[in-house]
Amino acid sequence: MGRLFIKLTIIITVALLLFLPINNFVKQSRSYNINDDILTFKKDPHPVDIINLGASHSMYGYYFKPTGLSHLDLALPAQTIQYDFKLLKEYGEYLKPNGVVIVSISQLTFINSKDMDVGRYYEILDHSEIEPFSLVDYYRYLYFPGTNSEIFTSALSSKWKGFKWTSHQSWANDGKNYAERKTEFIEEQYREASANDEIEQNVQQFQELLEYCKDQGYQVVLTMEPVHQTYLDHFDEQAMERLVFQYLDPLNLDVPFLNYMDDPRFSDNQDYFIDSDHLNSEGRKKYSWIVYEELKSMGYFE
């Protein structure tokens, strides 16, 4: 019995010694800390001129600091309209009276209804707003994220992105490989959303978000961020009509819509992008200045 106990102790000790660096690796990863900016704001909130909502196109799209405006980025990768709404209700009180809520529209806006990583909201939303929520998952996510295979895989992928097969690099084959993979993903999402009647639910949630903004007196501007030509080749006018505009146009919204998706200042310049549909630091600064100047010309921030 004593020997069995010693063996078990050794096994557990070895397992812990192996797990601890893995757990620490995940906790230090960008994938796990993707909500850091929002968490930092929550700890030290202040009035802001702009709040932007949306998914990764929006998250990588805006940087207004050089303009002198204060800005809160509430966008997260693959974020659903449902969580856009929840975050706005949580942090909207900090928007200045003449501030603007940027609501980003993308190919995923009306077809994405399942947030696969609710853990990233544990520290930035009231727990009653998180679906589903359990204390076990909450403590596991906060203290033992290395046990979550999806987070670990994402962290590992991010760390080793420079070691991907050549064909899987962001700009392999001039970005066409990435754009094709992204197209396949979006088409699969569209088929699932259509089959499960989720698109109508998203459209309704979108309308409710805009109605909420109106009730709160928030100034709303819809945007569509720039993408590279290799991405545009897969999302032409016909594709965008099917994925976005057949649902957006009938709403007859009385809000500005700034569509920069095929803006030639970006679509022809690979230097502004991380990959074919996400702006890099230089592209983000240039694009944010353009948006700022257009909003100013429309009478905002006066």
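The residues of the chain are indexed from 1 along the displayed sequence. Source: prediction; values computed, not measured. Below, each value reflects all heavy atoms present in this structure, side chains not excepted, and no hydrogens, waters or symmetry copies.
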Is [X] reaching over with its side chain to a backbone N or O of [Y], donor-acceptor style, under 3.5 angstrom?
| X | Y | result |
| --- | --- | --- |
| Asn52 | Ser104 | no |
| Asn33 | Asp36 | no |
| His57 | Ala55 | no |
| Asn35 | Ile38 | no |
| Gln219 | Asn98 | yes |
| Ser194 | Ile199 | no |
| Asn196 | Glu198 | no |
| Asp49 | Val100 | no |
| His71 | Val48 | no |
| Asp137 | Gly119 | no |

Got a salt bridge between [X] and [Y], using NZ or NE/NH1/NH2 to carboxylate O under 4.0 Å?
| X | Y | result |
| --- | --- | --- |
| Arg242 | Glu187 | yes |
| Asp174 | Lys176 | no |
| Glu188 | Arg191 | yes |

State the [atom1]-[atom2] distance between [X] and [Y], to the nearest 0.5 angstrom.
| X | Y | atom1 | atom2 | answer |
| --- | --- | --- | --- | --- |
| Tyr190 | Gln107 | OH | CD | 13.5 Å |
| Tyr32 | Tyr141 | OH | OH | 6.0 Å |
| Leu53 | Leu222 | CG | CG | 10.5 Å |
| Lys86 | Leu209 | NZ | CG | 12.0 Å |
| Trp289 | Glu293 | CH2 | CD | 6.5 Å |
| Leu72 | Leu87 | CG | CG | 9.0 Å |

Grouping I, L, V, M, F, W and Y whenever their side-chain heavy atoms are under 4.5 Å apart, do [X] and [Y] come out in a common cluster?
| X | Y | result |
| --- | --- | --- |
| Tyr91 | Ile130 | yes |
| Tyr287 | Ile102 | yes |
| Met224 | Leu295 | no |
| Val291 | Val101 | no |
| Phe266 | Met240 | no |

Checking [Y] against [X]: is there a side-chain donor and acceptor pair closer than 3.5 Å?
| X | Y | value |
| --- | --- | --- |
| Tyr178 | Asp277 | yes |
| Tyr62 | Glu225 | yes |
| Glu208 | Gln204 | yes |
| Gln79 | Asp84 | yes |

>> One pair to check against side chain to side chain contact (heavy atoms under 4.5 Å, CB included): Leu248 and Leu253. What are the steps and the verdict?
In response: CA-CA 8 Å; Leu248 184 64; Leu253 301 174; 3.9 Å; yes
>> Please give me the minimum heavy-atom distance between Phe257 and Ile105, naming the atom from each residue.
In response: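 Closest approach of Phe257 to Ile105: CE1-CG1, 4.4 Å.
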> How far apart are the closest heavy atoms of Gly146 and Asn23, and which atoms are they?
Replying inline: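 Between these two residues, the closest heavy atoms are N-OD1, 2.8 Å.
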> With ring centroids as reference points, do Tyr231 and Phe273 lie under 6.0 angstrom apart?
Replying inline: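 Not under 6.0 Å, so no.
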> Would Tyr292 and Phe64 count as a close aromatic pair, with their ring centres under 6.0 Å?
Replying inline: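 No, the ring of Tyr292 stays outside the 6.0 Å limit from the ring of Phe64, centre to centre.
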Non-hydrogen side-chain atoms of [X] and [Y] separated by less than 4.5 Å:
| X | Y | result |
| --- | --- | --- |
| Leu251 | Val203 | yes |
| Asp37 | Asp73 | no |
| His228 | Trp171 | yes |
| Glu131 | Val118 | no |
| Phe235 | Ile186 | yes |
| Ile124 | Glu90 | no |
| Pro226 | Lys286 | no |
| Gln201 | Gln205 | no |

>> Set out, in order, the CA-CA distance, both residues' side-chain angles and the distance that settles ring-ring contact (aromatic ring centres under 6.0 Å, His included) for Phe206 and Tyr247, then state yes or no.
In response: CA-CA 10 Å; Phe206 180 75; Tyr247 309 111; over 10 Å; no
Counting only heavy atoms not in [X] (residues, nucleotides, ligands), do more than 12 fall under 6.0 Å from its [atom1]?
| X | atom1 | value |
| --- | --- | --- |
| Glu93 | CD | yes |
| Tyr143 | OH | no |
| Lys42 | NZ | yes |

>> Could you walk me through whether Asn202 and Ile111 satisfy the side chain to side chain contact (heavy atoms under 4.5 Å, CB included) test, starting with their C-alpha distance in whole Å, then the side-chain angles of each, then the deciding distance to 0.1 Å, before giving a yes or no?
In response: CA-CA 7 Å; Asn202 284 338; Ile111 64 175; 5.6 Å; no
> For Tyr63, is the NZ or CZ atom of Lys65 found under 6.0 angstrom from the centre of its six-membered ring and inside 45 degrees of the ring axis?
Replying inline: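 Not flagged: Lys65 not positioned over aromatic ring of Tyr63.
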> Cation over ring, Lys182 on Phe185, under 6.0 Å and within 45°?
Replying inline: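 Verdict for Phe185: no cation-pi partner in Lys182.
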> Can Asn280 and Arg284 be said to form a side chain to side chain contact (heavy atoms under 4.5 Å, CB included), step by step?
Replying inline: CA-CA 6 Å; Asn280 61 20; Arg284 179 162 53 250; 5.8 Å; no
> Would Met59 and Ile34 satisfy side chain to side chain contact (heavy atoms under 4.5 Å, CB included), going step by step from the backbone distance to the final call?
Replying inline: CA-CA 10 Å; Met59 186 186 79; Ile34 198 71; 3.9 Å; yes
